[in-house]
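Below is one structure; the comments refer to it alone.
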Amino acid sequence: MDHATAKKNLSAYLDGAVTPEEKVLLEEHLEACPECRAELRDLAETVSRLRSLGEVEPPPWLAVKVMARVRQEAGLEKGLFRRLFAPFGWKLCLAAALVFLTVTGYLIYRSAFPGAGSVVPAGRQSREEGAGRAPPEAVPRKPVTGGESAGRPSAKGRVPPAAGRETVKTPPAAEPSRLPLAGETAPFPATPPQAAPRATQEMMEGSSKGVLEGGGSEPRMEQEKAVSSAASRATPLAPVPTERIRRQLAVDDLAAAIRNIKSAARRSGGTADVIGTGDAEGTMVVRVDRERRGELLERLPAIGEVLDSARLPTGEEAVLHVVIEVYEGSVQERQ
Amino acid sequence: MMKKGKIQAIPDEDARLVAACREGDLRAFEALVRKHQARVFTLAFRVAGEHEDAGELTQDAFVAAWRGLEDFHGEVAFSTWLTTITVNLARNRLKQLRTRRPRERDSLDAPVPAREGCVAPDPPSDVPSTQERLEREEVRQRMEGCINGLEPAFREVLVLRDLEEYSYGEIGAILGLAEGTVKARLSRARDGVRECLKLGGL
């Protein structure tokens with residue numbers, strides 16, 4: 001094997017990626033060529049150094065950010081309904097849908113024929129309870145908080161938990177058509193339009209809960225389960241920045257600039273993290289509330305010269321990359 | 001013969017998590033993210049050579065993986081598939097950067113990078129370091145500078161082989177290259193790093 005070919009094959013030889021014939025020829029050449037032997041040694045050392053480099057520690061917020069974006073994606077793709085019910089499988093979804101349809105049908109039937117059926121007294125009773133016990137503003141909330149006691153009058157329910165709750169909410173929904181009670185409606189003009197959607201939400205909660213474990217515990221906790229607790233935990237976090245602004249600062253003292261950025265972020269009500277530094281270069285992420293973004297941006301020129309197409313780095317000074325993530329709502333709260 | 005990729009020890013676990021993800025289980029995906037994030041981040045960092053992008057690239061890679069899960073049928077290990085996504089994203093990002101700032105890259109013929117390149121993700125510690133630690137840190141920085149100085153086409157092969165320890169065949173599949181090309185590029189890339197380290201006195 002000639003010298004040039006031998007040199008080209010050294011790398012593959014190290015990996016055992018040469019054919020047996022090539023191997024024999026190369027080893028013959030190595031015997032006779034001290035230069036190639038030295039090069040092979042160097043190369044082996046280089047490779048072993050490269051292999052010892054190891055992994056770079058990712059920033060601690062990375063997984064949270066990834067999952068926030070994935071959740072957003074999943075939400076767009078699959079829709080609220082599937083997110084709510086996917087964890088329980090199709091049988092439950094079907095059951096929930098049936099309960100929902102039954103109840104909706106029943107509601108429509110009730111509002112179309114207000115005088116019919118045995119539930120009228122129940123409706124009236126709960127309305128009286130509400131009017132008698134609570135001040136007017138408290139009435140719309142009544143169905144949500146007082147489900148247990150108010151549900152009692154209609155114990156004859158065919159679909160136990162859902163129907164029990166539902167009868168309580170019937171009156172507001174049916175209100176407009178029930179003229180005899182018009183006098184009672186007067187103090188609560190806003191009740192019907194608000195109560196109706198709430199009733200629907202409550203019914204869905206109630207139905208999934210009923211099939212899941214027969215009810216009994218806090219409805220709110222059940223709903224969290226339904227949304228899958230991971231997803232619901234993310235909601236208060238809302239860690240997706242609404243905007244990402246990049247700035248490069250030319251600075252003389254990198255460490256001082258990093259300190260200054262941190263303090264500028266603090267003074268703007270945000271936070272700052274260093275994600276990488278070298279001799280002449282550093283990268284930071286600054287998270288700031290939307291309202292105070294301008295304030296932060298104004299502080300940058302005091303820390304270093306802001307680079308752009310008109311002012312490129314000279315190579316003499318250090319460059320600090322600042323990624324400003326703008327969030328809706330307070331950054332401090334989420335930390 | 002050749003070593004396989006590092007994260008292929010428990011492919012079954014990944015396969016199980018992937019199956020759960022397909023059912024819409026976000027927790028399973030989160031488990032995959034937590035398991036692979038360091039590797040993907042490192043890969044993005046090494047291939048793109050721009051630390052400011054590594055975090056974003058990693059996010060993009062996982063989001064792309066989530067989107068593409070339906071089309072992933074386990075022909076290769078999940079980790080290899082994720083590597084392919086990451087490398088391709090990094091390549092595209094580099095292409096964009098290059099068209100925007102063509103003057104920036106150094107070529108293989110001049111393997112010493114103008115700058116040291118971006119380095120450690122961990123901020124410099126206030127605790128005084130020992131001489132040995134400083135030296136090791138210096139070597140690492142120099143090495144990273146040398147890797148960054150390579151042309152992207154050579155750097156990606158080097159990273160996949162010597163840092164991620166994929167086989168020539170796997171690298172060919174990931175990058176869409178013939179094995180011969182992988183072999184040739186790797187040889188040149190290693191030579192480049194070797195020369196670069198020598199110039200730096202290592």
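Numbered from 1 within each chain, the chains take letters A, B, ... in sequence-line order.
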Practice item. Report yes if some heavy atom in the side chain of A:Val56 is under 4.5 Å from a heavy atom in the side chain of B:Arg46; otherwise report no. Key: yes
**Study point:** Region of A:Ala12 that comes under 4.5 Å of a non-hydrogen atom in chain B
**Key:** both
Exercise for review: State, to 0.1 Å, how close A:Thr46 and B:Leu197 come at their nearest heavy-atom pair, and which atoms those are.
Suggested key: CG2-CD1, 4.1 Å
Practice item. Please name the pair of heavy atoms, one in A:Leu50 and one in B:Asp162, separated by the smallest distance, quoted to 0.1 Å. Key: CD1-OD2, 3.5 Å
Practice item. State whether A:Arg71 and B:Glu30 are salt-bridged, where the test is any N-O pair (Lys NZ or Arg NE/NH1/NH2 against Asp/Glu carboxylate O) under 4.0 Å. Key: yes
Review point. Given a strict heavy-atom distance threshold of 4.5 Å, which part of B:Ile147 is in contact with chain A: side chain, backbone, both, or neither?
Key: side chain
Practice item. Answer with side chain, backbone, both or neither: which region of A:Glu39 has an atom nearer than 4.5 Å to a non-hydrogen atom of chain B? Key: both
Check your understanding: Does the side-chain contact (heavy atoms from CB on, under 4.5 Å) test come out yes or no for B:Leu186 and A:Asp15, once each step is laid out?
Key -> CA-CA 11 Å; B:Leu186 181 64; A:Asp15 288 326; 3.6 Å; yes
Exercise for review: Start with the C-alpha gap between A:Glu55 and B:Glu164, add the side-chain angles, then the distance that decides, and say whether side-chain contact (heavy atoms from CB on, under 4.5 Å) holds.
Suggested key: CA-CA 9 Å; A:Glu55 280 183 345; B:Glu164 297 293 320; 5.7 Å; no
Point to revise | Atom CG of B:Asn92: over 12 foreign heavy atoms under 6.0 Å | key: yes
Practice item. Would you give the length of the straight line joining atom CZ of A:Arg246 to atom CD of B:Glu56, rounded to the nearest 0.5 angstrom? Key: 4.5 Å
Practice item. Measure across B:Arg190 and A:Ser11 and return the closest heavy-atom pair with its distance rounded to 0.1 Å. Key: NH1-OG, 2.9 Å
Study note, to complete from the structure: Minimal heavy-atom distance between A:Val64 and B:Arg34, with the atoms involved, is CG2-NH2, 4.4 Å
Point to revise | Selection from A:Lys8, A:Met284, A:Lys7, A:Arg49 maximising heavy-atom pairs under 4.5 Å formed with chain B | key: A:Arg49
Review point. Taking it one step at a time, do B:Met143 and A:Leu53 satisfy side-chain contact (heavy atoms from CB on, under 4.5 Å)?
Key: CA-CA 8 Å; B:Met143 300 245 317; A:Leu53 261 180; 3.8 Å; yes
Check your understanding: With distance as the sole test, does A:Arg69 use its side chain to make a donor-acceptor pair with the main-chain N or O of B:Val63 at under 3.5 Å?
Key -> no
**Study point:** Separation of A:Lys65 NZ from B:Thr58 OG1 (nearest 0.5 Å)
**Key:** 11.0 Å
Practice item. Looking only at non-hydrogen atoms, find the nearest pair between A:Met67 and B:Phe29 and report the distance. Key: SD-CD2, 4.0 Å
Check your understanding: Does B:Lys198 reach the main-chain N or O of A:Asp42 with its side chain, forming a donor-acceptor pair under 3.5 Å?
Key -> no
Check your understanding: What pair of heavy atoms forms the shortest contact from B:Gln59 to A:Leu62, and how long is it?
Key -> CG-CD1, 4.0 Å
